[in-house]
Every structure is written in structure tokens, then in C-alpha cells.
Colleague: 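The structure that follows is given in the form of C-alpha cells.
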Amino acid sequence: MRAAFFIQFLMVFCVAVTTARAEIDLTARLQHPEFLICEPALIFVTVRNQGAQPIRFQGEQAAMLGFDIFRPDGTLLNPLPGAQILTPSVIPPGSTVTITNDLQALFPIARHDSLSVRARLAVGKRSYVTDKMWLDVVPGIEILKMQARAPNGELRVYSLRTINRDKKDRLFLRADNESGTLCYGVADLGRFVRVGKPRMEVDRTGNIHVLHLTAPNQFAHTIISPDAVRMSRSVVEGDLNAVTLEPDGDGSYRVAGAGRVTRRPEIMVEPLPLRRGL
């Protein structure tokens, strides 16, 4: 009798769990598995509402989206004071919505090098969680650094750093205060070829100009604001020893020496000697 009751209870429980999972499908992915310190660490959470009721994130009994970030020892990382997770107001029935958040703006992950994260969604009395994802927070390799005054008079430190992502080196500009206790931001400057040294200059308005090699005979000239916001980017061709940054006479910088590319001579293959029959 008890065995029959237990089997019936287990069947009802399994049906309830299956129904709950069918109503909402929750998945998440990180933009990259490795992030530079202070670089936006974007996480994309996809919620598929397969139920008959809307999922509301406002009002009474609102749904709650959260993240669990674990240190290497398994303890949870506390969120930053005042951190607010971005969510839509409602997800209608039959709709799929992808929600983007920056983990570096929500948690002090810059103090830890290797972490795991999972997303969780509470809807009513039910909770849904994703699988754990691993992320590394790294300082990058510093290859160039300079100090300059921002428009507000503050002394800032600008550094060019590289990390390897998707088997390719990428170049970043990071802006910090003089003591290194505050990071204003990080700008991704694109692919970086480790031939020659990049150039970095600051113009009279406080904007940073960076010139670096992105491919053979191809250079990127990027202009970044003092808060590490990328403003513009242009690509030019030229020889490694000819392309450079120079003052434009109006307090800014321009690319000089572009357009002249010395093509390597094609390798001449000598034909094999003619073999005559004996």
C-alpha cells in the first residue's frame, strides 16, 4: 500500500517538474570566457516563456533575475552596493527575450582571477538556474603606458594591454587614475600584430590617439576619449617603418606615411634541369 502510494506520489512529482520546466526555458552564455580587468563582462540570458501567463518583472509577485558568482573555493561573491540587474518589464507568453548585463558593473570580479557564474530566475514559487560557466579576469600584458591630463585637470594613466582571445591577440586601452585605485574604462582596439611598437599620443582636447598594426602592411588609427570610449577608427595601408602619427598643426594628430607599400618580390622558382635519357 505504501509502495503504491509512493509510486503515485513520485509520478505526480515528475509530471509537475516536467510541466514547470516546459513553461520556462532559461539559458545563458558569456560573451567571452576571458575578460580584461575593467572590460565589460557581458552575459546574455535568454528566457523563453512557453507558458500561458506573462512573466512580469514589476509590481506584486514580480519575477527576479539574479546571478550566482562563485570564488574558486566555492563561496559566493557579494554584489556591489547599489548594483541593479537590467530586465525587461514583461515577457509575453510565447515570446523569447535575451537580457544583457555587465557582470563587472554588478560584482567586484576584478579582485578575482578565476570564477564561475550561473543565472537564476525566480517566477512565483518556482526557480530556474542555468549551468555554471567559467570566466577568467586577467590584467593583460602591458606594452605601453603614459600619463596625461584629462580635460577636468585630473592626471590619468593610459596603458595599452594585450590578451589572447580566440587564438588572436587583441589590443586594449585602459584608463586609470594616478594612484591606480579607479579604472575609468577599457576600449577594445581590435586585432593586434606583434610587429613593431604601437604609437600613443594625447591631443590638446585630451583624446588619445593609438596607431597599431592589425595585419601585414595594415594599420588602425583609433581615437579614444579620456574615459576610454572609442570615438573613431580608420584603417590605412603602408610600410611598417613609414606609417606614424604626427601633429596636424591644430592640436591633434594624423597618420603620416600611409599609402606607400613596398611589395616583397615574388620568389622565383628555378626549373629543374632537363634530364636526358642515357
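Just so you know, these numbers use all the heavy atoms, side chains as well, and skip hydrogens, waters and symmetry mates.
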Colleague: Could you work out, with side-chain hydrogen bond (donor to acceptor under 3.5 Å, both in side chains) as the rule, every residue matching His221, not counting sequence neighbours?
Modeller: His209
Colleague: If you count every heavy atom of other residues, nucleotides or ligands that lies below 6.0 Å from Asn152 atom CG, does the total exceed 12?
Modeller: yes
Colleague: Mind jotting down which residue pairs meet the disulfide (SG to SG under 2.5 Å) criterion with at least one end in residues 142-236? Sequence neighbours excluded, please.
Modeller: Cys38-Cys183
Colleague: When clusters are formed by joining ILVMFWY residues with side-chain heavy atoms under 4.5 Å apart, either directly or through shared neighbours, do Leu77 and Leu103 land in the same one?
Modeller: yes
Colleague: Do Phe172 and Leu211 sit in one hydrophobic cluster, given that two such residues count as connected whenever their side-chain heavy atoms are within less than 4.5 Å of each other, even indirectly?
Modeller: no
Colleague: Backbone N or O of Ala41 within a donor-acceptor pair of the Asp102 side chain at under 3.5 Å?
Modeller: yes
Colleague: Under the criterion side-chain contact (heavy atoms from CB on, under 4.5 Å), I'd like the reasoning laid out for Asn101 against Phe67: C-alpha separation, chi angles, the key distance, then a yes or no.
Modeller: CA-CA 10 Å; Asn101 276 273; Phe67 301 100; 4.2 Å; yes
Colleague: Counting N and O atoms only, with roles assigned by atom type, does the side chain of Arg204 sit under 3.5 Å from a partner on the main chain of Asp250, one being a donor and the other an acceptor?
Modeller: yes
Colleague: Testing the basics here: between Ala83 and Leu106, what is the closest heavy-atom pair and its distance to 0.1 Å?
Modeller: CB-O, 3.6 Å
Colleague: CD/Gln104 to CG/Leu42 distance, rounded to the nearest 0.5 angstrom?
Modeller: 9.5 Å
Colleague: Provide the closest heavy-atom pair for Asn207 versus Ser225 in the form atom of the first, atom of the second, distance.
Modeller: OD1-CA, 3.6 Å
Colleague: Among Leu245, Thr244, Leu240, Val193, which one satisfies side chain to side chain contact (heavy atoms under 4.5 Å, CB included) with Phe219?
Modeller: Leu240
Colleague: Please report the C-alpha distance between Thr75 and Asp73 in whole Å, then the side-chain angles of each, then the deciding distance to 0.1 Å, and finally whether the side-chain contact (heavy atoms from CB on, under 4.5 Å) criterion is met.
Modeller: CA-CA 6 Å; Thr75 58; Asp73 61 3; 2.7 Å; yes
Colleague: Ignoring hydrogens, what is the shortest heavy-atom contact between Glu142 and Ser159? Give both atom names and the distance.
Modeller: OE1-CB, 3.9 Å
Colleague: Got Ile37 and Arg174 here, is their nearest side-chain heavy-atom distance under 4.5 Å?
Modeller: yes
Colleague: Checking Arg156 against Tyr184: charged group under 6.0 Å from the ring centre and within 45 degrees of the axis?
Modeller: yes
Colleague: For a 4.5 angstrom cut-off between non-hydrogen side-chain atoms, does Met200 reach Tyr158?
Modeller: yes
Colleague: A quick test of your reading: do over 12 heavy atoms of other residues, nucleotides or ligands sit less than 6.0 Å from CZ of Arg120?
Modeller: yes
Colleague: Please give me the minimum heavy-atom distance between Leu36 and Ile163, naming the atom from each residue.
Modeller: CD1-CG2, 3.6 Å
Colleague: Counting only N and O atoms by type, is there a donor-acceptor contact under 3.5 Å from the side chain of Asn49 to the main-chain atoms of Gln53?
Modeller: yes
Colleague: So Leu189 and Ile224, do their side chains get closer than 4.5 Å, heavy atoms only?
Modeller: yes
Colleague: For the CG atom of Asp176 and the CG atom of Leu155, what is their distance to the nearest 0.5 Å?
Modeller: 11.5 Å
Colleague: Please tell me if the side chains of Ile69 and Leu76 come closer than 4.5 Å, counting only heavy atoms from C-beta onward.
Modeller: no
Colleague: Could you state the interatomic distance from CG (Leu121) to CD1 (Ile55), rounded to the nearest 0.5 Å?
Modeller: 6.0 Å
Colleague: Can you list the steps and then say if Ile91 with Phe57 is a side-chain contact (heavy atoms from CB on, under 4.5 Å)?
Modeller: CA-CA 8 Å; Ile91 302 179; Phe57 291 90; 3.8 Å; yes
Colleague: Can you give the donor-acceptor pairs under 3.5 Å from side chains of residues 133-141 to other protein atoms, not counting sequence neighbours?
Modeller:
| residue | atom | partner | partner atom | Å |
| --- | --- | --- | --- | --- |
| Asp136 | OD1 | Ser114 | OG | 3.3 |

Colleague: How many angstroms lie between CG in Asn78 and CZ in Phe107, if you round to the nearest 0.5 Å?
Modeller: 8.5 Å
Colleague: Report yes or no: does Arg71 contribute a side-chain atom to a donor-acceptor pair with the main-chain N or O of His112 at less than 3.5 Å?
Modeller: no
Colleague: Could you name each residue pair satisfying disulfide (SG to SG under 2.5 Å) that touches residues 189-241, not counting sequence neighbours?
Modeller: none
Colleague: Might you point out which heavy atoms bring Pro54 and Val90 nearest each other, and give the distance in Å?
Modeller: CB-CG2, 3.8 Å
Colleague: Using only atom types and a distance under 3.5 Å, with no angle test, would you say the side chain of Asn177 pairs donor to acceptor with the backbone of Gly180?
Modeller: yes
Colleague: Which pairs with one or both residues in residues 103-175 pass disulfide (SG to SG under 2.5 Å), sequence neighbours excluded?
Modeller: none
Colleague: Identify whether Leu144 and Val186 are in the same connected component of the hydrophobic contact network (ILVMFWY, side-chain heavy atoms under 4.5 Å).
Modeller: no
Colleague: Passes side-chain contact (heavy atoms from CB on, under 4.5 Å), Met146 versus Val202? Steps please.
Modeller: CA-CA 9 Å; Met146 68 180 300; Val202 179; 3.9 Å; yes
Colleague: How many angstroms lie between atom CZ of Phe192 and atom CD1 of Ile143, to the nearest 0.5 angstrom?
Modeller: 4.0 Å
Colleague: Charged N to carboxylate O below 4.0 Å: is that the case for Arg254 and Asp248?
Modeller: no
Colleague: Quick one: CE on Met64 to OG on Ser127, what's the gap to the nearest 0.5 Å?
Modeller: 11.0 Å
Colleague: By salt bridge (charged side-chain N to carboxylate O under 4.0 Å, His left out), which residues pair with Asp188, not counting sequence neighbours?
Modeller: Arg170
Colleague: Verify the cluster assignment for Ile208 and Leu160: are they in a single hydrophobic cluster under the rule of side-chain heavy atoms below 4.5 Å apart?
Modeller: yes
Colleague: Do you know the tightest heavy-atom contact between Val243 and Val255?
Modeller: CG1-CG1, 3.7 Å
Colleague: Does the structure place the NZ or CZ of Lys132 under 6.0 Å from the centre of the six-membered ring of Phe70, at an angle of no more than 45° from the ring's axis?
Modeller: yes
Colleague: Salt bridge (charged side-chain N to carboxylate O under 4.0 Å, His left out) for Glu23 and Arg126? Distances and angles first, verdict last.
Modeller: CA-CA 11 Å; Glu23 289 181 357; Arg126 294 172 178 167; 2.8 Å; yes
Colleague: Scan Thr98, Thr130, Leu26 and name whichever one has a side chain to side chain contact (heavy atoms under 4.5 Å, CB included) with Thr46.
Modeller: Thr98
Colleague: Is a salt bridge present between Glu39 and Arg165, judged by a nitrogen-to-oxygen distance below 4.0 Å?
Modeller: yes
Colleague: Please assess Asp203 against Thr205 for the test side-chain hydrogen bond (donor to acceptor under 3.5 Å, both in side chains), listing each intermediate value before the final yes or no.
Modeller: CA-CA 6 Å; Asp203 63 26; Thr205 64; 2.7 Å; yes
Colleague: Kindly indicate whether the side chain of Ile24, heavy atoms from C-beta on, has any atom under 4.5 Å from the side chain of Arg48.
Modeller: no
Colleague: Do Arg194 and Asp169 sit within salt-bridge range, that is, some charged N less than 4.0 Å from a carboxylate O?
Modeller: yes
Colleague: For the hydrophobic clusters of this structure (ILVMFWY residues joined by side-chain heavy atoms under 4.5 Å, transitively), does one cluster hold both Ile223 and Val236?
Modeller: no
